[in-house]
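Since the structure comes first, as structure tokens, the remarks are kept for the end.
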Amino acid sequence: MPTQHPVTPGGNYDVVICGGGLAGQTLARQLKLNNPMLSILMIIKSEMPLAWNDFKVGESTVEISAFYFSEVLQLQDYFKNNHYKKFGFRYFIGDSTGLPASRPEIGLSSYAPYDSFQIDRGVFESDLYFMNLLANVTIISGASVKSVALSDSGGLHTITYQEDDGKTMYEAQGRWVVDASGRRCLIQRSLGLQEAPETACNATWWRVKGRLDVDDLVPREHTYDDYFMRVANRSRFYSTTHLMNKGYWVWLIPLASGHTSVGIVTTEAIHPFDTYNTYEKSMKWLNIHEPVLYTHMQQFEIVDFLKMKNYSYGSKQVFSTDRWACTGEAGLFTDPYYSPGSNFIAFENSMITRMITDDINGEEDWKPRVAEYNDFIINMNKWLTRSIQSSYTYFHLDIVIALSFIWDVAAGWSFICPRMFNSIYLTREATTDMKEVTLRFFSMAYNVEDFFNEWKQLTPNNYTFSFIDYLSIPFLRKIYDRNVKKGKSTEQLKAANEQNLVDIEIFVQCLFWIALEDVYPEMTDLVSRKPWLNAWAITLDISSWNTKHLFSPDTPPADISETYTQLKSLFINRHKSIAAHVDDFNYSFK
Ligand SMILES: Cc1cc2nc3c(=O)[nH]c(=O)nc-3n(C[C@H](O)[C@H](O)[C@H](O)COP(=O)(O)OP(=O)(O)OC[C@H]3O[C@@H](n4cnc5c(N)ncnc54)[C@H](O)[C@@H]3O)c2cc1C
């Protein structure tokens with residue numbers, strides 16, 4: 001085991017990192033990979049290494065965080081050897097009294113081309129701790145930062161900390177100070193930068209010993225052959241599984257340490273926290289809302305239990321030209337529904353690394369980028385939090401939640417993924433080149449979010465499905481293949497960005513027509529014509545079609561028939577026979 005380097009109380013460092021959870025440890029690694037000569041002090045309240053299988057939430061990764069861990073932090077082999085490869089997201093929707101096999105399912109049928117992982121967080125953070133020690137990061141664990149005195153005159157920042165024996169105070173100086181103290185939010189609180197969440201959402205989570213597999217809720221009988229045969233190896237175990245219904249989702253995540261992580265996440269307005277905020281209450285809650293899972297869980301031994309009330313929050317500023325920055329939950333936190341926590345860490349750490357590297361190299365041009373970096377992180381947090389948390393109210397509506405999921409992944413792969421895979425957020429030139437298209441996308445996205453909220457009020461929820469393998473929808477697969485890809489030139493990125501907006505605009509047209517057929521089935525004439533729309537103005541409020549200029553688009557029409565057919569054919573009307581459904585479908589393109 002490597003020995004710690006002696007700590008100099010009152011020493012000076014290029015960077016002082018307060019906190020050493022996922023955000024702090026990955027930042028230290030990234031900084032050292034970039035510049036091994038950088039002097040870094042990391043002060044961590046928790047005693048390191050953590051217990052071998054210490055329980056920390058945040059296990060599931062998606063393409064962005066997987067790219068960051070594997071490629072930016074060069075941990076590809078480490079992940080392959082120490083953590084599970086993830087079998088994508090999986091959602092079982094609506095009526096929870098039946099078996100998963102009888103609920104509409106969205107998921108993958110085979111592994112996605114780009115690997116992501118289920119991380120055992122306690123294991124990962126302890127392993128990072130040893131890697132960072134070996135890279136000569138000075139680490140003091142079992143010590144709390146008590147205050148951070150920020151210099152606004154170009155001088156050094158002063159960080160005061162105390163070891164857990166409570167006896168001695170130390171002062172360290174840093175040219176840069178990065179707050180990675182998680183929900184302690186040292187800098188945010190002292191500068192009054194935190195913003196309260198718009199919506200209250202809460203969670204409890206715990207681990208059980210052994211393999212809790214959603215497929216074990218379904219008997220291995222011929223009746224369920226379809227259910228088992230539609231996924232690779234007849235197993236969904238390695239997915240991040242969501243069992244969901246109005247106002248909540250319950251996660252199941254497998255961990256390489258031999259445990260399964262289970263969590264309940266709800267919006268307070270529908271499932272108040274005090275109905276499940278202890279382990280006993282959580283089990284009682286499961287018995288009411290997910291009885292099939294509850295019954296199966298009786299045979300599992302609980303390992304630990306944690307909870308969090310009101311988990312999301314925003315911020316007014318996370319980076320400063322005065323050489324301080326916040327990363328991870330020390331800055332802000334969105335909603336965990338799409339596992340974006342590590343994505344934020346990936347972007348924040350990469351921006352911080354870029355600012356610090358430029359500053360230490362004596363370059364000044366990082367300063368004008370700080371405002372853009374702040375805008376990107378803060379606005380992404382606002383957008384995601386708002387759009388995810390409003391969707392909790394339609395988690396039980398088959399067609400609405402399915403198309404909202406497809407919209408979210410199409411948007412994420414098109415406009416967020418390429419930024420990480422090609423580092424385009426790091427240079428002004430690339431972001432400026434792509435800004436106009438990206439802004440047009442976001443103004444459309446806010447309207448689409450309102451559209452889903454209108455739709456949820458009006459839908460009779462007649463349309464349903466058995467299984468949507470989202471990567472096998474050709475238009476979505478094209479978006480994935482185009483964007484989940486590294487090594488593009490700026491020209492290629494620009495071209496892809498423009499094509500993404502074209503594809504997304506077509507998708508939004510289809511979304512409108514499918515929703516219209518669902519809500520106003522009598523409008524057959526209009527639906528059969530499907531005139532090209534102003535995709536920035538879609539609404540189901542007929543009285544505002546004219547004022548919003550819905551039928552006066554300022555973009556040239558494109559052929560939507562292929563995408564429409566791909567999307568519409570995912571659903572069947574539960575009140576009609578298959579033959580009638582096919583008739584309807586043909587009518588749409590007469
Ligand atoms: C319900 C839920 C589910 C989630 N699921 C996912 C998921 O599936 N995937 C995903 O990517 N993310 C997920 N997240 C988010 C993820 O948990 C966070 O992004 C991540 O844990 C944040 O890491 P961090 O390093 O910022 O904070 P932490 O991991 O909390 O680390 C904080 C560090 O600061 C130290 N510290 C605290 N106070 C002080 C002090 N005064 N002085 C010195 N050190 C201090 C602590 O000891 C610790 O080392 C989820 C979050 C929630 C709430």
Side-chain angles (χ1 to χ4, degrees), residues 13-34 38 40-46 56-58 61 64-65 67-69 72-73 119 121 124-125 128-129 132 137 139 145 148 150 157 159 174-191 193-195 312-334 336 339-359 366 369-370 372-381 384 419-420 423 425-426:
Y13 297 85
D14 293 323
V15 187
V16 177
I17 302 175
C18 308
L22 185 65
Q25 297 284 356
T26 49
L27 175 64
R29 178 168 175 83
Q30 191 174 0
L31 286 169
K32 277 292 191 182
L33 285 170
N34 249 269
L38 214 59
I40 303 176
L41 169 67
M42 183 155 46
I43 305 159
I44 311 175
K45 186 168 184 220
S46 324
K56 294 198 66 176
V57 75
T61 64
I64 291 172
S65 44
F67 179 87
Y68 176 68
F69 294 138
V72 178
L73 299 186
I119 306 178
R121 284 280 306 275
F124 186 36
E125 285 174 30
L128 281 168
Y129 164 75
N132 284 328
V137 177
I139 304 180
V145 173
V148 178
L150 297 170
H157 306 298
I159 296 90
R175 179 169 174 79
W176 278 82
V177 60
V178 180
D179 187 1
S181 65
R183 282 166 191 264
R184 176 67 185 78
C185 298
L186 288 157
I187 292 182
Q188 294 288 310
R189 285 187 196 183
S190 74
L191 298 183
L193 296 172
Q194 264 190 334
E195 291 196 332
S312 49
Y313 46 93
S315 166
K316 295 187 184 78
Q317 183 184 3
V318 288
F319 310 123
S320 167
T321 49
D322 287 334
R323 301 190 316 269
W324 60 259
C326 305
T327 182
E329 292 189 347
L332 37 71
F333 183 66
T334 179
S339 312
S342 322
N343 294 354
F344 274 87
I345 290 173
F347 281 117
E348 288 154 351
N349 282 356
S350 300
M351 289 169 176
I352 294 168
T353 300
R354 184 65 191 258
M355 291 187 284
I356 292 179
T357 306
D358 286 358
D359 175 52
W366 62 274
R369 285 200 308 268
V370 173
E372 281 168 29
Y373 289 173
N374 271 313
D375 280 354
F376 177 73
I377 296 295
I378 290 167
N379 291 334
M380 187 163 72
N381 186 61
L384 272 177
R419 288 166 184 266
M420 176 53 61
S423 306
Y425 52 93
L426 294 175

Fill in: Any Y313 side-chain heavy atom under 4.5 Å of R183 side chain
yes
Discussion item. Between N349 and A23 (side chain of the first, backbone of the second, donor and acceptor by atom type, cut-off under 3.5 Å), is there such a pair?
Written reply: yes
Discussion item. Less than 3.5 Å apart, any donor N or O on the side chain of N34 or T353 sitting next to an acceptor on the other?
Written reply: no
Worksheet item: Between N132 and Q25, does any side-chain donor sit less than 3.5 Å from a side-chain acceptor?
Response: yes
Practice prompt. Measure the spacing between CG of L150 and CG of D322 and express it to the nearest 0.5 Å.
Written response: 8.0 Å
Worksheet entry | Option among I17, L27, V15 that satisfies the side-chain contact (heavy atoms from CB on, under 4.5 Å) test with I352 | L27
Worksheet item: Between D358 (side chain) and W366 (backbone), is there a donor-acceptor pair under 3.5 Å?
Response: no
Practice prompt. Could you pull out the closest heavy-atom pair between Y68 and S350, with the gap in Å?
Written response: CE1-OG, 3.7 Å
Worksheet item: Do you know the tightest heavy-atom contact between L31 and I40?
Response: CB-CD1, 3.8 Å
Practice prompt. Compare all side-chain heavy atoms of H157 with those of V16 and state whether any distance is below 4.5 angstrom.
Written response: no
Worksheet entry | Considering all heavy atoms, the nearest Q188-A330 contact | CG-O, 3.0 Å
Worksheet entry | Straight-line distance of R369 CZ to F376 CZ, nearest 0.5 Å | 14.0 Å
Worksheet item: Is there a donor-acceptor pair closer than 3.5 Å between any side-chain N or O of N374 and the backbone N or O of Q317?
Response: no
Item to complete: Might you point out which heavy atoms bring G20 and E125 nearest each other, and give the distance in Å?
Response: O-OE1, 4.3 Å
Worksheet item: Would a distance-only check, ignoring hydrogens and angles, find a side-chain to backbone donor-acceptor pair under 3.5 Å from E348 to G328?
Response: yes
Practice prompt. With rounding to the nearest 0.5 Å, note down the distance linking CZ in F347 to CG in N381.
Written response: 13.0 Å
Worksheet item: So which heavy atom on C18 is nearest to which on V148, and how close?
Response: SG-CG2, 4.3 Å
Worksheet item: Once you round to the nearest 0.5 Å, how far does CZ of F344 lie from CG of L384?
Response: 5.0 Å
Worksheet item: In this structure, are over 12 heavy atoms from other groups packed under 6.0 Å from K45 atom NZ?
Response: no
Practice prompt. Enter the distance from F319:CZ to M351:CE here, rounded to the nearest 0.5 Å.
Written response: 6.0 Å
Worksheet, complete the sentence: For E372, the side chain to side chain donor-acceptor pair (under 3.5 Å) test, sequence neighbours excluded, returns R428
Discussion item. I need the minimum non-hydrogen distance between G19 and I44, along with the two atoms involved.
Written reply: C-CG1, 4.2 Å
